[in-house]
Amino acid sequence: MRFITEFRSSKLASGLLSQIRLRSRIPARLMEFCGGHTVAIFKHGIRQMLPSTLEMVSGPGCPVCVTANADIDRAIALSQIPGVIITTFGDMLKIPGSRSSLQESKASGADVRMVYSTMDAVKIASENTDKSIVFLGIGFETTAPTVAASVIQAKERGIDNYYVLSLNKLCPPVIRAILDSGEVRLNGLVCPGHVSAIIGSYPWEVIAREYRIPCVISGFEPVDILQCVSMLVDQIEQGEAKVEIAYRRGVRPEGNPEAIRLMEKVFEPAPARWRGMGELPASGLKLRKEYRQFDAELAFDIATEPAQEPVGCICGEILRGTKVPRDCPLFAGICTPEHPVGPCMVSSEGSCSAHYLYGGNLAG
């Protein structure tokens, strides 16, 4: 299949659904990790179509949502330092920190600019040599190579006013943390397609092997996701636990070696704070010694008050898969996409936003 319409074919989707309904006999709970999958699942009504034997829960796959309030507070504090220009992707502007957001900081006079690529941030640095430009490195393995590339370019061009606040995170460690917590029983993982396009399928093998959980990497169209669920059901019914790729047009087992090389050249694993999960070892990325001159953590004195969570917000539990948006007392009342309280309602890939826009009367 080469065209997008084929991946939305009702005929193919109906065939896959028939196979799933026919084969699925063992009750199973599947977690989709990626926020893009969460949105697609809700948008296309996939949960409603699955047999009662299958339950789907959302995981911590929204990169903006998992950014801890303490880190958002640090970004806001950076924006208030005279001479600093903050550059970031769009959703980060609206995410509330403990006391305000970057959007509010911008409205108060801070120079906060939305960019579409890390190279835009480097360009701003080259055009504003009397300022310090900080790029907020948010995201998973998908975006880390582009951040690394920007650092390498800044170094090669002799741009010495470009900095990165590295809040990038790694996916396999947080999946392990969720499974180790024992809070959620899972029988299968819909592994992230974009992340796996970078890291490949090999990093998921440890999950399948050590936790005996089937893992299938999925694309983002309805036929992709149903194919992934069908492959998970087959493994579950046959008592298998292995890694398979249902997204072969986007993912190779070895991933993208050049992107991995870039990421590993500039970054090394480090502890990272996750919303709702606290600090997890080796789940983040920090700049290697050779690139520390670009590290905003080292270049600026970032002072913040202790972080606070919004009263009543359960984004942390939703991100761990222990609760669903409708469990939140604020959902669809105080907290809506127009007036969001927590990040899961702000981000376009957030569970609460997807549930609000497409969830209908689903309880989960």
Side-chain angles (χ1 to χ4, degrees), residues 63-139 143-169 266-268 270-273 275 284-308 343 346-347:
V64 174
C65 302
V66 296
T67 303
N69 261 14
D71 288 328
I72 295 170
D73 293 344
R74 289 195 301 148
I76 294 168
L78 269 170
S79 76
Q80 294 168 349
I81 296 175
V84 168
I85 298 174
I86 297 291
T87 56
T88 181
F89 297 135
D91 277 353
M92 274 302 291
L93 288 175
K94 298 178 288 184
I95 298 291
S98 298
R99 296 161 192 86
S100 65
S101 66
L102 281 168
Q103 196 168 49
E104 291 170 315
S105 188
K106 179 180 174 68
S108 299
D111 196 342
V112 181
R113 306 184 189 184
M114 186 180 77
V115 294
Y116 293 98
S117 80
T118 56
M119 294 308 165
D120 291 342
V122 174
K123 184 171 184 287
I124 291 170
S126 69
E127 295 172 346
N128 295 270
T129 54
D130 59 332
K131 305 280 187 181
S132 297
I133 284 65
V134 178
F135 178 76
L136 303 184
I138 304 293
T143 55
T146 69
V147 181
S150 75
V151 171
I152 291 171
Q153 183 169 112
K155 186 167 187 176
E156 289 176 349
R157 293 174 56 188
I159 296 173
D160 59 4
N161 62 329
Y162 178 68
Y163 304 92
V164 170
L165 182 63
S166 180
L167 305 176
N168 284 98
K169 294 178 172 57
V266 174
F267 292 112
E268 60 186 351
R273 281 187 290 259
R275 185 182 297 273
L285 293 171
K286 70 175 183 179
L287 290 156
R288 290 188 180 276
K289 181 174 63 178
E290 297 87 338
Y291 296 96
R292 294 273 168 87
Q293 69 190 83
F294 301 100
D295 192 336
E297 296 268 13
L298 303 178
F300 301 94
D301 182 15
I302 310 173
T304 61
E305 296 180 27
Q308 298 175 357
V346 178
S347 171

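Numbering of residues begins at 1 and proceeds along the displayed sequence.
Side-chain atoms of Asp73 come within 3.5 Å of backbone N or O of Ser98 as a donor-acceptor pair. Although no hydrogens or angles enter the test, the distance criterion places a donor-acceptor pair under 3.5 Å between the side chain of Ser79 and the main chain of Ile76. Checked by atom type and distance alone, the side chain of Arg113 never pairs as donor or acceptor with a backbone atom of Thr87 at under 3.5 Å. Judged by distance alone, with hydrogens and angles left aside, the side-chain atoms of Arg288 form a donor-acceptor pair with the main-chain N or O of Phe267 at under 3.5 Å. One N or O on the side chain of Thr143 and one on the backbone of Ile138 form a donor-acceptor pair closer than 3.5 Å. Judged by distance alone, with hydrogens and angles left aside, the side-chain atoms of Asp120 form a donor-acceptor pair with the main-chain N or O of Tyr116 at under 3.5 Å.
The side-chain heavy atoms of Phe135 and Ser150, taken from C-beta on, include no pair separated by under 4.5 Å.
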Stepwise, does the side chain to side chain contact (heavy atoms under 4.5 Å, CB included) test hold for Leu78 with Tyr163? CA-CA 11 Å; Leu78 269 170; Tyr163 304 92; over 6 Å; no
Taking it one step at a time, do Val164 and Tyr291 satisfy side chain to side chain contact (heavy atoms under 4.5 Å, CB included)? CA-CA 10 Å; Val164 170; Tyr291 296 96; over 6 Å; no
Verdict with supporting geometry, Thr88 and Met114, side chain to side chain contact (heavy atoms under 4.5 Å, CB included): CA-CA 5 Å; Thr88 181; Met114 186 180 77; 5.6 Å; no
Output, in order, the C-alpha distance, side-chain angles, deciding distance and verdict of side chain to side chain contact (heavy atoms under 4.5 Å, CB included) for Arg275 and Thr67. CA-CA 6 Å; Arg275 185 182 297 273; Thr67 303; 5.6 Å; no
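For the pair Arg99 and Glu104, the salt-bridge criterion is not met [side-chain N within less than 4.0 Å of a carboxylate O].
A side chain to side chain contact (heavy atoms under 4.5 Å, CB included) with Leu287 is found for exactly one of Val151, Leu298, Val147, namely Val151.
A distance of 5.0 Å separates CE in Met92 from CD1 in Ile72, rounded to the nearest 0.5 Å. Here the straight-line distance linking atom CD1 of Ile85 with atom CD1 of Ile81 works out to 13.0 Å at 0.5 Å rounding.
Figure legend: cation-pi geometry between Lys155 and Phe294 absent, as NZ or CZ is not positioned both under 6.0 Å from the six-membered ring centre and within 45° of its axis.
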